[in-house]
Amino acid sequence: MIERDSMRRLSFTIAAAVLMVLGAIAPAAAQLHVDVTQGTIQPMPIAIPDFVAPGPGDGTPAANIAGVIRADLERSGLFRPLDPKSFIEQIHDINTPPQFNSWRVISAQGLVTGQAAIQPDGRLRVDFRLWDVYGESQMLGLQYFTTPENWRRIAHMISDAIYQRITGEKGYFDTRIVFISETGPALNRKKRLAVMDEDGANPTFLTNGSYMVLTPRFNPTAQMIAYMSYIGGKPRVYLFDLETGRQQMLGNFPNMTFSPRFSPDGNKVVMSLEHGGNSDIYVMDLRTRSVIRLTQDPGIDTSPCYSPDGTQIAFESDRGGSQQVYVMNADGSNPHRISFGTGRAGTPVWSPRGDLLAFTKIDAGAFRIGVMHPDGSGERVITDGWQDEGPTWAPNGRVLMFTRTLKNGRGSQIWSVDVTGRNERRVVTPGDASDPAWSPLIQ
Amino acid sequence: MSQSRNQRRTSLSAATLAGDRRSRLGLFGSAALHAAVIAATLFTWQHSLQIADESPPVVPVDLVTIGEKTNIAPVAPKEDFTPKDETPVTAPTVDQTTPPPVQMAAPDVEEAPPPETAPSERLPKSVPPPVVPKQRPRPAPDQTKQKFDVNNILALLNKQQPAASNARGKTGARPHAGIGDQNAMTMDLVDALRNQIAQCWSPPVGAPHPEDLIVAFELFLNPDGSVAQPPQLAAQSRAAAAASPYVRAAAEAARRAIYTCAPYKLPADRYSQWRDITLVFDPRKMVGQ
């Protein structure tokens with residue numbers, strides 16, 4: 001009996017011990033789990049003080065570079081450069097860490113410190129560091145050497161580096177825009193081929209305006225421009241070499257050729273060729289000059305554009321009765337319609353990222369810029385002007401430029417908009433401008 | 001008189017007997033009928049009834065268990081606390097090394113530091129030792145209360161608990177069970193946090209494949225709502241951030257949101273419930289907005 005009691009007590013003790021062990025192992029306090037699915041899209045506050053100028057003659061480039069970076073980042077809509085007057089700490093040495101507290105109190109989340117100095121050999125040396133103010137760590141530190149005249153490009157490169165580090169996406173500030181500059185009265189409009197930096201600086205005219213030019217497009221190295229011109233009264237596709245300033249007609253076709261565009265490898269140009277009121281899409285190999293016809297349809301097929309991998313071509317066609325966007329393989333096989341939204345759709349342009357196609361949506365008398373996936377799904381209209389058309393992508397596939405024609409003949413302008421439809425703003429051009437084409441990042 | 005009463009009793013008992021018999025019958029009858037009714041509910045004739053569907057639209061709701069009582073402040077042995085000062089995430093360092101000079105042609109620019117991965121993995125690459133290695137975004141009073149003080153045990157426990165649990169991977173310094181539901185996640189706290197963070201979080205809206213940009217952070221808060229220590233990216237997110245610059249950017253945006261929003265306004269008496277938080281930032285719903 002006593003033995004049984006002690007046995008029972010022992011088993012109780014063991015059970016209690018097991019329970020205690022289990023109790024100790026089991027997690028006691030729960031973690032609060034919060035799913036954050038809503039945010040507030042707002043630009044990131046960033047402080048970019050004027051760069052440090054160690055020498056007496058370094059002050060101007062140092063201030064200029066910081067100014068261009070501030071303007072670049074502000075224009076992107078993703079950053080809010082803070083007013084330099086609000087800065088508490090003055091940066092004198094970029095090789096010591098800043099006092100993060102004094103940047104936190106002005107609510108800067110990022111800080112860019114830099115230095116610009118003319119070297120004894122006459123070159124400009126620019127260093128900069130990007131700091132994470134809350135994380136109190138350096139996110140990026142780079143150094144550049146260049147000729148002093150090139151300071152603007154260095155500023156754009158720094159903007160690109162900051163943009164890429166913060167967003168994960170390549171920047172687009174060190175790029176150029178080729179466009180059609182329009183001057184003069186409506187009846188005697190001069191249309192000239194022009195090129196400028198992405199921020200509107202350094203505009204240069206490439207043609208003199210004695211003949212009309214249309215639809216310029218960069219090649220993948222941004223050294224060659226394909227465009228349509230009426231030299232000698234005949235509308236033909238020409239190539240313009242930016243380095244040599246030479247232009248040449250692309251092929252010698254009996255009829256009108258138009259809406260050219262380079263292939264992603266730069267070796268081919270795809271374009272439309274008109275023949276007896278019917279236009280079809282042709283591709284010309286620039287090395288062999290051989291031409292292949294890609295579409296055989298009696299409808300009007302035009303505005304071809306390669307996918308970034310070069311395997312497909314998007315184009316517009318009215319073969320189904322109205323102007324719509326179609327996609328076919330690069331050899332012309334399997335053409336199929338992808339735009340099924342309301343109204344009409346034209347001028348498709350494949351995003352360099354490959355995930356979207358931008359196009360001109362014509363609905364209820366209005367022209368707007370839309371985007372959709374390459375299979376036609378997820379169509380969104382991202383602008384709301386009276387007549388917005390002819391989209392072109394930034395090399396990172398995140399921003400678009402387009403032509404905005406104003407009502408009542410008040411001219412045309414170039415505007416840019418984020419792929420999300422936000423941050424719509426006018427691109428500064430000398431006078432009226434249309435038909436922009438964005439270059440790839442300059443090599 | 002008595003006979004008649006007897007007779008009545010007899011007749012009564014007979015009636016009772018008969019009633020008994022009847023009630024048993026009734027019982028079976030009732031059971032059978034009930035069974036029949038139940039059976040009838042099981043079988044239906046197809047298309048016999050066409051009731052118009054006028055149910056209101058489905059409103060999705062989250063069902064969250066609310067603990068009846070808040071947990072008693074947990075008791076943890078104080079010696080379990082081991083501050084982990086080597087947490088390298090925020091130690092500010094300056095890369096003093098001069099990057100290799102880049103030639104005049106602007107496109108030849110090279111990045112001086114090699115591509116960084118996760119924030120915590122970045123630092124070892126800096127050559128000099130951290131200039132201010134122990135500076136952390138933790139409130140100053142914390143540092144002064146490290147000494148054991150009988151009058152200050154609670155404060156010590158409150159502030160040190162997160163560090164302990166983080167440093168030991170949730171195994172050692174776990175408190176004993178308190179009263180109430182230990183898993184009580186109160187929706188008002190979740191809502192309060194969610195609303196506050198939503199003001200500060202600028203989601204990566206323009207990036208491709210938003211479904212890949214979901215990042216999770218583990219966050220420890222001080223009783224005053226400030227961030228107790230640098231928020232840790234969950235292991236899975238850390239691996240993704242190391243592989244993709246988009247995920248890294250998304251993680252950094254989330255981390256900035258966590259810091260920008262602090263201190264969090266949450267009920268101080270329920271600190272034990274919001275001391276340790278997992279925050280999942282999901283930008284999918286913000287795309288295209």
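Being a predicted model, the structure only gives us computed values, none of them experimental.
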Sub-6.0 Å ring centroid separation between A/Tyr163 and A/Tyr172: yes
Between B/Arg255 and A/Asp132, is the closest basic N to carboxylate O distance under 4.0 Å? yes
Let me know if A/Asp355 has heavy atoms under 4.5 Å from chain B in its side chain, its backbone, both or neither. side chain
Select one option (side chain, backbone, both, neither) describing which atoms of B/Ser244 are under 4.5 Å from chain A's heavy atoms. neither
Quick check on A/Thr167 against chain B: is it the side chain, the backbone, both or neither that has a heavy atom closer than 4.5 Å? backbone
Parallel, tilted or perpendicular: which fits the ring planes of A/Phe100 and A/Trp131, with parallel below 30° and perpendicular above 60°? perpendicular
Would you indicate whether A/Glu243, at its atom CD, is surrounded by more than 12 heavy atoms from other residues, nucleotides or ligands within a distance under 6.0 Å? no
